[in-house]
Each structure stands twice: as C-alpha cells, then as structure tokens.
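Reading through the structure tokens given below for one structure.
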Amino acid sequence: MDKKIAIASDHAGRELKDDLIDYLKELGAQVVDMGVNSNVSVDYPDYGSPLADRVSSGEIDKGVLICGTGIGMSILANKFKGVRAALVSDVYSARMSREHNDANVLVIGGRIVGKGLAREILKTWLTTKFEGGRHQRRLDKITEVENRTVKKD
Ligand code: RB5
C-alpha cells in the first residue's frame with residue numbers, strides 16, 4: 001500500500017474526508033490533508049486542483065477527492081495530465097479501477113456513499129495492484145489522446 005496519500009474535499013465531502021483521514025491513519029498511511037477544514041460553502045475546484053496537480057507532477061502517487069456527488073471532482077481531476085480519476089461507489093469498481101485502469105485518484109461522493117462502505121472502497125483501492133499487460137496498452141492509447149488534445153500553458 002502507498003504510504004503517502006493526499007486527500008481533499010469541498011464542504012459537502014468534508015465529514016467523509018475527516019473520517020477517511022482517521023481510517024488512513026489507522027492503516028498506517030501518511031496523510032496529506034489538503035482541506036477543506038471548515039463547513040463554509042466553497043468551490044470544489046479550489047481544493048481538487050492542488051491535489052490533482054501534485055498527482056500530475058508525480059509529487060504524490062495517489063490521492064482521494066470527495067465532493068457531494070463526486071462528479072465535479074472527477075471531471076476536474078481528469079483535466080490534469082496523467083491523472084486517472086475514478087468515481088467509485090462500490091467495492092468491485094474500486095478493485096477494477098486499480099486492476100484495469102491504474103486509477104491514481106479515487107473520487108467518492110460524500111452525499112452518496114456512507115462511511116462504512118467508503119472505508120471498504122478506500123482499503124480495496126489502496127491495496128489492489130494494476131495488472132498491466134493489455135490494460136497498459138489501453139492506457140497508452142488514452143495517453144496518446146491526452147497528448148493530442150490537452151493544452152497546458
Ligand atoms: C456542492 O453543493 C456540490 O455541487 C459539489 O459538492 C459537488 O457535488 C459537485 O459536483
């Protein structure tokens with residue numbers, strides 16, 4: 001399991017974020033809490049972008065993003081080069097997002113998934129390895145598309 005995990009949320013995901021931070025510490029991970037740390041309404045890109053940027057640059061291997069549905073955070077994170085963000089609400093998808101998609105950002109909807117299930121999803125995601133092989137070939141094709149269409153200033 002990766003030892004250093006970054007996690008960020010907006011106000012709608014904060015309660016789940018804080019619970020998952022406790023859980024990550026129980027699992028022995030080093031957690032980088034990138035906010036938000038108040039219940040005041042905020043804009044999720046302001047918290048998702050710094051995390052996705054760190055994953056994109058390779059500074060951090062894996063991150064977790066949480067907003068109300070998880071949809072905004074996943075749309076945002078997938079704009080960053082090299083980020084493969086998976087919006088997950090069940091344990092099977094958590095496993096497959098690692099085995100087949102090598103997801104490096106896990107996104108959860110704090111208003112969709114309960115704490116118990118979210119913990120199971122997170123543990124499965126963190127402990128499942130990418131299978132490589134034909135799946136790497138498919139990811140390479142996504143990278144080709146990314147290199148063709150993504151313009152970074
Ligand atoms: C905030 O109300 C909500 O829009 C946000 O948390 C997220 O669900 C967006 O996709």
Side-chain angles (χ1 to χ4, degrees), residues 1-2 4-27 29-128 130 138-139 142-143 145-153:
M1 193 181 93
D2 298 76
K4 194 173 176 185
I5 314 292
I7 186 165
S9 74
D10 69 357
H11 56 288
R14 187 198 171 186
E15 192 178 328
L16 181 58
K17 172 179 71 70
D18 289 347
D19 184 73
L20 292 181
I21 287 172
D22 290 344
Y23 184 56
L24 283 165
K25 287 179 179 166
E26 278 173 32
L27 293 176
Q30 185 191 334
V31 188
V32 183
D33 180 0
M34 299 184 70
V36 65
N37 287 310
S38 95
N39 292 330
V40 174
S41 179
V42 294
D43 297 335
Y44 59 84
D46 294 341
Y47 291 86
S49 293
L51 183 147
D53 218 13
R54 284 194 186 191
V55 173
S56 179
S57 71
E59 192 183 324
I60 283 180
D61 288 337
K62 287 203 179 79
V64 179
L65 290 173
I66 307 167
C67 62
T69 58
I71 295 170
M73 284 292 202
S74 57
I75 291 171
L76 171 75
N78 280 312
K79 302 287 182 200
F80 287 75
K81 197 173 172 70
V83 170
R84 293 176 298 280
L87 174 55
V88 169
S89 304
D90 64 275
V91 174
Y92 176 74
S93 299
R95 181 160 67 80
M96 297 307 280
S97 77
R98 290 288 312 128
E99 286 183 355
H100 286 195
N101 310 113
D102 198 19
N104 49 17
V105 173
L106 171 67
V107 189
I108 303 176
R111 291 173 175 161
I112 307 292
V113 177
K115 288 177 187 163
L117 176 56
R119 284 180 171 213
E120 277 190 58
I121 286 170
L122 178 58
K123 188 174 184 186
T124 300
W125 190 76
L126 288 172
T127 55
T128 304
F130 177 48
R138 292 161 187 168
L139 293 185
I142 293 176
T143 303
V145 171
E146 187 176 56
N147 288 339
R148 196 169 67 221
T149 57
V150 174
K151 286 187 184 157
K152 296 275 280 181
D153 46 14

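All ligand and atom numbering here is 1-based and tracks the order in the structure.
- Contacts between D10 and ligand 1, counted as non-hydrogen atom pairs separated by less than 4.0 Å, involve the side chain only.
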Can you give each donor-acceptor pair under 3.5 Å made by side-chain atoms of residues 31-42, sequence neighbours left out, with the distance rounded to 0.1 Å?
residue	atom	partner	partner atom	Å
D33	OD1	K17	NZ	3.1
D33	OD1	G35	N	2.9
D33	OD2	K17	NZ	3.4
N37	OD1	K17	NZ	3.1
S38	OG	V40	N	3.1
N39	OD1	R14	NH1	3.2

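- Close approach of ligand 1 to G68 is summarised as follows: ligand atoms under 4.0 Å from at least one heavy atom of the residue are 5 (C), 6 (O), 7 (C), 8 (O).
- Looking at heavy atoms from C-beta onward, F80 lies out of side-chain contact with V55 at the 4.5 angstrom threshold.
- Of all protein heavy atoms, the one lying nearest to atom 8 (O) of ligand 1 is T69 N, 2.9 Å.
- Scanning the protein heavy atoms around atom 9 (C) of ligand 1, the nearest turns out to be Y44 CE2, 3.5 Å.
- Within the 4.5 Å cutoff, no side-chain heavy atoms of R84 are placed close to those of N101.
- Two residues are said to be in side-chain contact when any heavy atoms from C-beta on lie closer than 4.5 Å; V91 and L117 meet this criterion.
- Across A86 and A103, no two heavy atoms sit closer than the pair CB-CB, 3.9 Å.
- At a 4.0 Å heavy-atom cut-off, ligand 1 touches A12 through the side chain alone.
- Among residues at least two apart or in separate chains, side-chain hydrogen bond (donor to acceptor under 3.5 Å, both in side chains) pairs with a member in residues 103-115 are E15-K115.
- Residue contacts with ligand 1 for R111 involve side-chain atoms from C-beta outward but no N, CA, C or O (heavy atoms, distance under 4.0 Å).
- Taking 4.5 Å as the limit, some side-chain heavy atom of F130 sits within range of a side-chain heavy atom of R98.
- Distance screen at 4.0 Å: atom 2 (O) of ligand 1 has a protein heavy-atom neighbour inside the cut-off.
- Atom 10 (O) of ligand 1 has its closest protein heavy atom at G72 N, 2.9 Å.
- Backbone and side-chain nitrogen or oxygen atoms of I71 are examined, and none is located within less than 3.5 angstrom of a nitrogen or oxygen of ligand 1.
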